[in-house]
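Working notes, beginning with the structure itself.
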Amino acid sequence: MRTPFIAANWKMHKTVGETEDFIRQFLPLVKGVKDVEILVAPTYTSLAAASKLLQGTNVKLGAQNLFWEDKGAYTGEISAPMLVDIGCSHVIIGHSERRQYFGETEETVNKRISAARKAGLEVIFCVGEVIEQREAGQTNEVLSGQLSGGLKGHDLQGITIAYEPVWAIGTGKTATPEMANETQTFIRNWLKGQYGSDADGVRIQYGGSVKPDNVKDLMAQPEIDGALVGGASLQADSFSKLVLYNG
Ligand code: PGA
């Protein structure tokens, strides 16, 4: 049985003060929730403040990216050991916005995953097709390329996959639950083909315009084990409704 995993990707939103306000409002709303794993991923600048407030709670802390070297002359970058030091247990890697705007490739995704796992961080590894690829019937091919590139040389320990169709991110266009489940079934089968029964324990999140009014239907699908949420995770009230999707 895979524990549902609901994660907030705040992208480039929230100052330190706004992060603290969110956490103070959010914690009481999800107090006592044990059957759902909960994560927030603020910007780097808010990690320290968030870490302090989340200590000893049922909400985990993640970063949105990292650089693969541990330390050195890499101006502007943050390493995996630094994220561990500040209290992160997770990191998001390969988000489509990083692929689109910051030149992320399968090779750099793979290096970041290696660095994260070496430092003991769990990884939310994002994959997904753009609309032209879906319309051209290339979705499965794109996904298997991203999966094999990113996971090269790795086992599945500490890995969650986030399937995020790029055309559904921040657009209000969700993949239908059936469509998302069908693609996630492809991902599961691809993982099984490479890793055998280890693939059964891997959580596959869906991401792309997940909201309080569609989360239940998405989570009812057998291959959707959680959600990676942008817009609807920015308010404590709305994110808590996602965590409490089951009633
Ligand atoms: P969204 O973003 O929920 O705003 O569509 C999801 C994501 O990019 O992780």
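Indexing begins at 1, ligand by ligand and atom by atom, following the structure's order. Basis for what follows: all heavy atoms, side chains included, without hydrogens, waters or symmetry-related copies.
- Ligand 1 places these atoms under 4.0 Å from at least one heavy atom of Gly231: 1 (P), 3 (O), 4 (O).
- Scanning all protein heavy atoms for the shortest distance to atom 6 (C) of ligand 1 gives Gly230 N, 3.5 Å.
- In terms of N/O distances under 3.5 Å, ligand 1 is approached by His95.
- Side-chain contact of Trp167 with Glu129: a donor-acceptor pair under 3.5 Å is present, judged by distance alone.
- When heavy-atom distances to ligand 1 are checked against a 4.0 Å cut-off, Asn9 comes that close only through its side chain, counted from C-beta outward.
- Annotation for ligand 1: atoms under 4.0 Å from non-hydrogen atoms of Ala168 are 5 (O).
- Proximity of the aromatic rings of His154 and Phe125 is defined here by a centroid distance below 6.0 angstrom, and this criterion is not met.
- Those atoms of ligand 1 with a heavy atom of Gly170 less than 4.0 angstrom away are 1 (P), 4 (O), 5 (O).
- Side-chain N/O atoms of Arg188 and Thr183 include no donor and acceptor closer than 3.5 Å.
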**Asked** Would Tyr101 and His95 count as a ring-ring contact (aromatic ring centres under 6.0 Å, His included) if you check the C-alpha gap in whole Å, the side-chain angles of each, and the deciding distance to 0.1 Å?
**Response** CA-CA 10 Å; Tyr101 305 126; His95 191 277; 9.5 Å; no
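- Using a 4.0 Å heavy-atom cutoff, Gly207 is absent from the residues neighbouring ligand 1.
- Using a 3.5 Å distance cut-off with no hydrogens or angles, the side chains of Thr108 and Glu104 do pair a donor with an acceptor.
- Exactly one residue among Ile78, Asn65, Leu83 makes a side-chain contact (heavy atoms from CB on, under 4.5 Å) with Val91. That residue is Leu83.
- Within the 4.0 Å heavy-atom cutoff, Lys211 does not count among the residues contacting ligand 1.
- Of the heavy atoms in Ala162, none comes closer than 4.0 Å to ligand 1.
- For Glu107, the CD atom counts as loosely surrounded, since its 6.0 Å shell holds 12 or fewer non-hydrogen atoms of other residues, nucleotides or ligands.
- Contact atoms of ligand 1 toward Gly208: 5 (O) (distance under 4.0 Å to a heavy atom of the residue).
- Of the listed residues (Asn189, Ile224, Leu143), just one forms a side-chain contact (heavy atoms from CB on, under 4.5 Å) with Gln184, and that residue is Ile224.
- In this comparison of Gln64, Glu164, Glu97, the heavy atom closest to atom 7 (C) of ligand 1 sits on Glu164.
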